[in-house]
Amino acid sequence: MELKYCRGAAALILANLLIFATAGASPAESLAGSKGDVRFSATRGSDPKSECNVAYKAYIAAGGHSAYATTFYSRVVDLYIICGSKLNAPSQKAAEDWALRACQAGLKKWKVKTASGGCAIAASK
């Protein structure tokens, strides 16, 4: 006995399962315009053209995994802000590592110590 009709029904069922399974899969959303995981308010300085302001705006505009690191700011003691960022990294963790290293390199380059501590990740996505 040959199953003529069951073969066609099985193929139809499998085709429908394949259609419904792939309908739920969608491409990854762009992260552009998102602030991501904000850990603390990012200190950027008052000048809109300052390097840290420009870096933060680029971080927000980046479509991939990115991070922004900065020094904590104490108005009473610290007179400067040092920051670092990494845009469109392979992963959020990699972006955080690069941004933190860039900020720490700034501390070493300008030979400064902040009263409130070193660098920390302000936001990442």
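- Considering every non-hydrogen atom in both Ala102 and Gly84, the closest pair reads CB-CA, 3.9 Å.
- One distance of note links NZ of Lys108 with CD1 of Ile82; it measures 12.5 Å at 0.5 Å rounding.
- Atom CG in Asn88 sits 9.0 Å away from atom CG in Leu31 (nearest 0.5 Å).
- Applying the salt bridge (charged side-chain N to carboxylate O under 4.0 Å, His left out) criterion to Asp97, with sequence neighbours excluded, gives Lys93.
- Grouped by direct or indirect side-chain proximity (heavy atoms under 4.5 Å, Ile/Leu/Val/Met/Phe/Trp/Tyr only), Leu100 sits with Ile121.
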Could you give the side-chain donor-acceptor pairs of residues 51-58 under 3.5 Å, partners two or more places apart or in another chain?
residue: Asn53; atom: OD1; partner: Arg44; partner atom: NE; Å: 3.0
residue: Asn53; atom: ND2; partner: Asp47; partner atom: O; Å: 2.7

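- Residues meeting the side chain to side chain donor-acceptor pair (under 3.5 Å) test with Ser85, sequence neighbours left out: none.
- By the side-chain contact (heavy atoms from CB on, under 4.5 Å) test, Ala89 pairs with Lys86, Ala94, Ala95, sequence neighbours left out.
- Contacts of Arg101 classified as side chain to side chain donor-acceptor pair (under 3.5 Å), with partners at least two apart in sequence or in another chain: none.
- A side-chain hydrogen bond (donor to acceptor under 3.5 Å, both in side chains) check over residues 58-72, counting only residues at least two apart or in different chains, returns nothing.
- A pairwise comparison of heavy atoms in Gln104 and Cys119 identifies N-SG, 3.6 Å as the closest pair.
- As summarised for Cys103 and Cys83, their two SG atoms remain at a distance no smaller than 2.5 angstrom, missing the threshold.
- Screening residues 36-55 for ring pair (Phe, Tyr, Trp, His ring centres under 6.0 Å) gives Phe40-Phe72 as the qualifying pairs, with residues at least two apart or on separate chains.
- Within the structure, the salt bridge (Lys or Arg N to Asp or Glu O under 4.0 Å) test picks out the following pairs touching residues 33-43 (sequence neighbours left out): Arg39-Glu96.
- For the residue pair Ala67 and Ala99, the shortest heavy atom distance occurs at O-CB, 3.7 Å.
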